[in-house]
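Side chains are part of it too, since the values below use all heavy atoms of this structure and drop only hydrogens, waters and symmetry mates.
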Amino acid sequence: MGKWVNFNQKYFDEILRSAGVEGLTKKTAERVFEIAYKEAPFRTGEYRGKLEIGMKEAKYRRVYQVEGHARHTLRVEARTGHLARSLRKARQS
């Protein structure tokens, strides 16, 4: 009871920045993108045409995510939750 665990942060930093972990996160973003693109609400095509996979450096690893750059992306997301639904579908498959 009350024992401390020695946590080797450097070791976990190396794992989270490894090519394997990065590949998994990128592959997941690609799957989300496939679903989001295929099932995107469509009026003019601008929303679907401006979806892309973006990358950013987070504190412990590189993060890939699906981003929308159409003028009305926030409106579409607020009304439909399309990208969140696409992420849930990708996790289930």
Side-chain angles (χ1 to χ4, degrees):
M1 194 157 99
K3 291 186 178 184
W4 291 96
V5 175
N6 289 329
F7 186 78
N8 185 341
Q9 185 63 50
K10 184 178 178 187
Y11 173 75
F12 286 98
D13 289 347
E14 288 175 14
I15 289 174
L16 290 172
R17 292 206 177 270
S18 71
V21 171
E22 183 175 342
L24 287 172
T25 59
K26 189 173 183 180
K27 183 178 177 181
T28 301
E30 289 168 349
R31 178 70 182 129
V32 173
F33 176 82
E34 285 176 21
I35 294 168
Y37 187 86
K38 179 181 171 187
E39 300 180 5
F42 189 89
R43 274 198 193 153
T44 65
E46 181 184 2
Y47 173 79
R48 183 173 70 180
K50 295 207 175 180
L51 291 174
E52 64 181 40
I53 297 174
M55 187 273 296
K56 71 174 190 169
E57 292 289 337
K59 185 174 182 179
Y60 297 109
R61 63 187 170 95
R62 213 171 254 150
V63 178
Y64 292 88
Q65 58 194 17
V66 179
E67 303 170 343
H69 296 282
R71 292 174 289 130
H72 57 289
T73 295
L74 289 177
R75 189 170 351 129
V76 171
E77 292 308 316
R79 290 181 179 166
T80 67
H82 177 66
L83 291 177
R85 283 194 339 258
S86 298
L87 177 58
R88 280 193 296 276
K89 285 183 179 183
R91 286 180 178 164
Q92 294 170 354
S93 60

Smallest heavy-atom separation, Leu83 atom then Ala36 atom, equals CD2-CB, 3.8 Å

Applying ring-ring contact (aromatic ring centres under 6.0 Å, His included), name anything that partners Phe33, two or more places apart in sequence or on another chain. Tyr37

Rounded to the nearest 0.5 Å, the CZ atom of Arg31 sits from the OG atom of Ser86 at a distance of 10.0 Å

Give every residue pair that meets the salt bridge (Lys or Arg N to Asp or Glu O under 4.0 Å) criterion with at least one member in residues 76-92, sequence neighbours excluded. Glu39-Lys89

Shortest non-hydrogen contact from Gln65 to Ala29? N-CB, 4.2 Å

Determine, stepwise, if the pair Lys50 / His72 fulfils side chain to side chain contact (heavy atoms under 4.5 Å, CB included). CA-CA 10 Å; Lys50 295 207 175 180; His72 57 289; over 6 Å; no

For the pair Leu87 and Val66, evaluate side chain to side chain contact (heavy atoms under 4.5 Å, CB included) and give the outcome as yes or no after the intermediate values. CA-CA 9 Å; Leu87 177 58; Val66 179; over 6 Å; no

Go through the steps to decide whether Phe12 and Arg61 satisfy the test side chain to side chain contact (heavy atoms under 4.5 Å, CB included), and finish with yes or no. CA-CA 10 Å; Phe12 286 98; Arg61 63 187 170 95; over 6 Å; no

Once you measure the plane-to-plane angle for Tyr47 and His82, does it fall in the parallel (<30°), tilted (30-60°) or perpendicular (>60°) bin? perpendicular

Nearest 0.5 Å, what's the CD1-NZ distance between Ile53 and Lys26? 7.5 Å

d(Leu51 CG, Glu46 CD) to nearest 0.5 Å is 10.5 Å

On a heavy-atom basis, the closest approach of Thr25 and Glu22 is OG1-O, 2.9 Å

Enclosure of Tyr11 OH (heavy-atom neighbours >12, cutoff 6.0 Å): no

Shortest non-hydrogen separation from Ala58 to Arg17 and the atoms involved: O-NH2, 3.4 Å

Any ion pair linking Lys27 and Glu30 (charged N to carboxylate O, less than 4.0 Å)? no

Separation between CD (Glu52) and NE2 (His69), nearest 0.5 Å, reads 3.5 Å

Any chain of hydrophobic side-chain contacts (each under 4.5 Å) joining Val63 to Met55? no

